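Predicted model only: the values in this text are computed from it and were never measured.
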Amino acid sequence: MVSYHLSFDNFHANKDRIYRVVTELHNENISYTPGTPPPFAKAFRNDYAFAEKVARVATFGDRIISIPSENKKFQEEKGVAVTDPEFFDIFNFPFVQGDKKTALTEPNTAVITQKIAKKYFGTENAIGKVIRYDNKTDFRITGILKDIPVNTDRTQEIYFSNASMKSISNFLSRDDTWGGINSETHCFVLLKPGVTPASVEAVFPALKKKYYVKKPSDQDYFMFRLQPLADIHFNPNYNGYVEKKYLWALALVGLFLIITACVNFINLATAQAMNRAKEVGVRKVLGSMRGQLFWQFIAETTLITLFAVLLAYGLAQLGLPFINSIFKSELSINFLNNPGLLAFIIILCVAVIFLSGAYPGLVLSNFQPVTALKGALAKEKIGGFSLRRILVVSQFAISQALIIVTIVIAGQMSYSKKTDLGFAKDGIVMLPIPQGDSIGRLRMKVLSNDLSKIAGVEKVSLCMQAPASDANNTTGLKYDTRPKEEPWEVNTKYGDEQYLSTFNLKLVAGRNFYPSDTVKEYLVNETLVRKLNLRSPQDIINKTVETGGRRALVVGVVKDFYNNSFRSDIAAITIASSIRDYDNYAVKINLNNIKPTMTAIEKAWNATYPEFVYSSEFLDKRIEKFYELDTVMLEIIEAFAAIAIFISCLGLYGLVSFMALRKTKEIGIRKVLGASIQNILWMFGKEFSILLIIAFMVAAPLAGWAMSKYLQDFKYSIQLGAGIFLTAIAYTFVIAAITVGYRSMKAAVANPVNSLRTE
């Protein structure tokens with residue numbers, strides 16, 4: 001998994017010279033977006049000679065593609081990309097049919113992958129075929145790409161010519177839209193050899209000065225940077241999938257598990273030394289040299305390790321579908337296609353063999369034959385009890401650290417799910433409004449009315465997004481008579497007059513806005529009132545605000561609600577009605593009768609939009625996606641913790657067995673002198689309690705530091721209190737007590753006469 005993510009986009013021929021232009025938004029705080037203004041790529045290409053190639057690529061997710069000649073339609077969740085022909089000069093996505101230099105030069109041309117070609121047209125030649133985008137625009141296929149590799153962030157499999165942009169998005173096709181940024185509109189550059197990112201970034205102030213003439217203040221607001229291709233998959237500021245620190249943490253945990261397993265093997269192997277003492281003695285009497293015995297034990301370890309590798313390979317193959325489902329990846333174990341993986345397995349095997357087998361081999365091969373044959377090894381140091389203590393402490397320190405990590409991440413996930421978000425999320429179904437609908441406004445209201453008549457539907461609202469969404473629109477705000485915009489942005493949300501009641505948003509002042517298809521009145525939240533430095537929510541009522549060029553009266557103030565994940569602060573928010581900005585139906589249903597209600601909703605939707613593909617998603621599931629990676633990390637850490645605990649318990653059992661063997665005579669004497677079973681058990685318990693406390697003193701600071709860093713990513717999080725650490729050590733003591741209980745009890749109830757005879 002670590003290797004898979006580290007390999008992202010490293011197959012491009014000029015990967016070290018490929019950069020994405022990204023934007024920092026400097027206001028009250030600095031925010032980040034991977035997008036650039038729509039005209040940026042064209043201006044940079046025309047004005048500067050730093051790059052060999054420049055390409056803009058705009059992505060439109062979850063779109064309908066139909067085949068007019070066959071009356072087929074497909075919902076493409078990955079969407080489509082609109083780009084320049086130079087895109088395929090920058091990235092190594094090879095053509096199997098068509099010419100990459102001309103395939104996307106003309107309007108209404110398209111390039112698709114082999115997979116899509118087979119999906120749409122079967123075995124027919126797709127070149128020259130026509131596909132239709134969102135039921136309104138036809139594109140002729142002029143090229144076929146080799147299937148996109150799984151280890152790339154450029155996952156779109158359908159590319160349209162940039163010359164067709166006006167028919168897809170008028171905003172993105174214009175050259176005067178420098179003041180707006182779409183986070184899915186990216187600019188990639190292939191720098192010329194020898195050109196440094198710093199030299200390119202040095203000209204961005206001049207570029208801004210040239211194009212931000214109408215609004216000079218935007219020169220300080222927009223800061224453009226170059227992001228290396230190798231950073232895209234890992235940078236959370238620009239929507240990277242996973243941070244490298246989490247990958248290295250997983251790799252480190254995996255390494256710790258391997259080390260603990262090796263340590264455990266050493267512990268158990270040397271604890272069984274007495275059972276093999278006579279064998280070693282006989283072999284030495286018959287002429288075996290120490291080196292021969294050492295390599296014999298190494299060979300035994302090799303067989304065990306190879307068997308473990310085969311078993312691990314089988315388990316990995318069985319578990320791979322589960323791993324791929326939770327990571328939404330396409331991992332496979334194929335040594336022929338991945339020689340690096342085969343080399344890693346071989347090196348790991350050799351390392352494990354010698355790490356695990358060398359010390360036991362040295363201990364066992366060092367026995368003196370006379371002493372071994374006499375059975376007097378109990379007086380010798382066969383592995384060292386102090387060393388065993390260190391090994392067990394190390395194992396349980398790792399286990400306790402993983403338990404603490406699991407408790408913290410699970411606690412944060414539970415906090416995220418159970419905390420009141422300030423709005424209702426249960427029982428609300430989000431239905432996307434088709435974006436290619438030419439008579440959308442009329443059909444919106446028709447379907448909204450039809451949905452409200454369905455038994456089991458309690459509320460229906462037309463809206464842009466739910467109160468909490470990762471698709472947020474932000475803009476500046478101008479308040480009342482103040483001459484300048486505020487030095488912070490607002491999150492603008494659009495919904496009809498049913499928005500508040502559908503999501504159960506609470507008014508703290510004023511009233512709801514009246515029904516309207518355009519922005520006539522605003523609602524704002526408490527955070528916006530505070531940022532304006534007003535004394536109370538009532539003070540903003542009947543004052544005017546302007547956002548996005550639309551000015552209207554504020555008629556109400558809603559109680560604050562979380563508008564994004566807990567990693568973000570609650571933003572200043574405006575809510576207004578604007579039918580042109582609606583993207584979803586929000587349908588609140590009665591959860592006591594879900595199935596027939598959902599069937600009726602789908603039927604009504606299909607009757608209204610027969611040329612589109614129906615889809616729906618419950619809001620609570622959509623919000624869970626905010627923490628998708630955290631959930632995956634939790635599942636992995638839980639699995640690692642379980643494995644670490646199991647290994648540690650084996651080590652602990654080996655230690656108590658060795659301790660019982662060493663103290664056989666002592667236990668017999670204590671019992672003869674009147675010691676009770678409880679006294680004997682305490683002798684064992686005291687020993688292991690000290691070891692577990694030492695392990696905890698090692699694990700707690702390290703795990704606490706790591707989890708404090710993790711929780712710093714959240715603006716709203718649980719507290720890293722003493723209860724978490726006490727719970728972790730309590731779990732450990734319970735597990736340890738169960739592990740040592742049987743062996744300790746067996747030693748405690750043994751007949752002291754038999755114990756004393758062993759000496």
Side-chain angles (χ1 to χ4, degrees), residues 21-38 40 171 177-185 208 211-212 214-225 236-239 422 463-495 505 519 521-534 537 540 543-554 556-578 581 583 626 715-716:
V21 183
V22 295
T23 310
E24 293 178 2
L25 306 175
H26 287 246
N27 216 322
E28 183 183 33
N29 298 303
I30 299 177
S31 56
Y32 306 87
T33 174
T36 52
F40 186 95
F171 174 77
T177 51
W178 285 90
I181 291 181
N182 182 320
S183 63
E184 295 299 327
T185 301
K208 291 188 294 180
Y211 291 102
Y212 288 105
K214 293 182 179 179
K215 194 176 179 183
S217 60
D218 281 349
Q219 295 180 32
D220 296 325
Y221 178 61
F222 294 105
M223 296 291 175
F224 303 118
R225 309 285 185 216
N237 288 336
Y238 301 108
N239 301 334
C463 60
M464 183 179 184
Q465 293 289 345
S469 171
D470 57 1
N472 287 308
N473 183 44
T474 58
T475 186
L477 177 136
K478 200 170 182 180
Y479 174 64
D480 203 33
T481 58
R482 294 181 184 177
K484 294 182 179 180
E485 281 190 354
E486 300 302 317
W488 36 266
E489 292 186 318
V490 294
N491 178 196
T492 56
K493 296 185 180 295
Y494 297 100
L505 296 172
V519 177
E521 298 171 324
Y522 278 114
L523 301 175
V524 301
N525 69 342
E526 295 172 299
T527 295
L528 187 144
V529 174
R530 284 195 297 272
K531 286 195 167 189
L532 288 172
N533 295 318
L534 302 178
I540 200 173
K543 298 293 193 301
T544 61
V545 297
E546 180 182 335
T547 64
R550 294 186 269 194
R551 192 172 185 85
L553 286 176
V554 175
V557 179
V558 297
K559 185 177 177 62
D560 274 343
F561 56 86
Y562 294 96
N563 65 299
N564 209 315
S565 78
F566 284 177
R567 285 186 166 87
S568 305
D569 284 316
I570 294 175
I573 293 170
T574 63
I575 305 172
S577 59
S578 174
D581 293 297
D583 295 328
F626 291 164
K715 298 294 183 181
Y716 309 96

Counting distance only, does the side-chain N/O of [X] pair as donor-acceptor with the main-chain N or O of [Y] below 3.5 Å?
{"X": "K493", "Y": "M464", "answer": "no"}
{"X": "D480", "Y": "R482", "answer": "no"}
{"X": "K208", "Y": "F222", "answer": "yes"}
{"X": "T23", "Y": "G35", "answer": "yes"}

Can you name the side chain to side chain donor-acceptor pair (under 3.5 Å) partners of R567, sequence neighbours left out?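 Only D630 meet the side chain to side chain donor-acceptor pair (under 3.5 Å) criterion with R567.
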Report the residues that fulfil side chain to side chain donor-acceptor pair (under 3.5 Å) with D581, sequence neighbours left out, ordered by chain and then residue number.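 For D581, the residues satisfying side chain to side chain donor-acceptor pair (under 3.5 Å) (neighbours in sequence not counted) are R550, S578.
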To the nearest 0.5 angstrom, please state how far the [atom1] atom of [X] sits from the [atom2] atom of [Y].
{"X": "L534", "Y": "I540", "atom1": "CG", "atom2": "CD1", "value": "5.5 Å"}
{"X": "L523", "Y": "L505", "atom1": "CG", "atom2": "CG", "value": "9.0 Å"}
{"X": "N27", "Y": "E486", "atom1": "CG", "atom2": "CD", "value": "10.0 Å"}
{"X": "N525", "Y": "R530", "atom1": "CG", "atom2": "CZ", "value": "7.5 Å"}
{"X": "R225", "Y": "Y32", "atom1": "CZ", "atom2": "OH", "value": "9.0 Å"}
{"X": "N563", "Y": "S469", "atom1": "CG", "atom2": "OG", "value": "9.0 Å"}

Please verify the inter-ring angle class for Y562 with F566; under 30° counts as parallel, over 60° as perpendicular, anything in between as tilted.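 Because their plane-to-plane angle lies in the 30° to 60° range, the rings of Y562 and F566 count as tilted.
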If the plane angle is over 60° it's perpendicular, under 30° parallel, otherwise tilted; pick one for W178 and Y212.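 Because their plane-to-plane angle is over 60°, the rings of W178 and Y212 count as perpendicular.
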Can you name the one residue among I573, T474, T475 that meets side chain to side chain contact (heavy atoms under 4.5 Å, CB included) with V490? T475
Identified side-chain hydrogen bond (donor to acceptor under 3.5 Å, both in side chains) counterpart of Y522 within the set T547, T492, T544, T574: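 So, applying the side-chain hydrogen bond (donor to acceptor under 3.5 Å, both in side chains) to Y522 and each of T547, T492, T544, T574, only T547 qualifies.
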Just to verify, which of N491, D569, D560 counts as forming a side-chain hydrogen bond (donor to acceptor under 3.5 Å, both in side chains) with T527?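 Between T527 and the candidates, side-chain hydrogen bond (donor to acceptor under 3.5 Å, both in side chains) is satisfied uniquely by D560.
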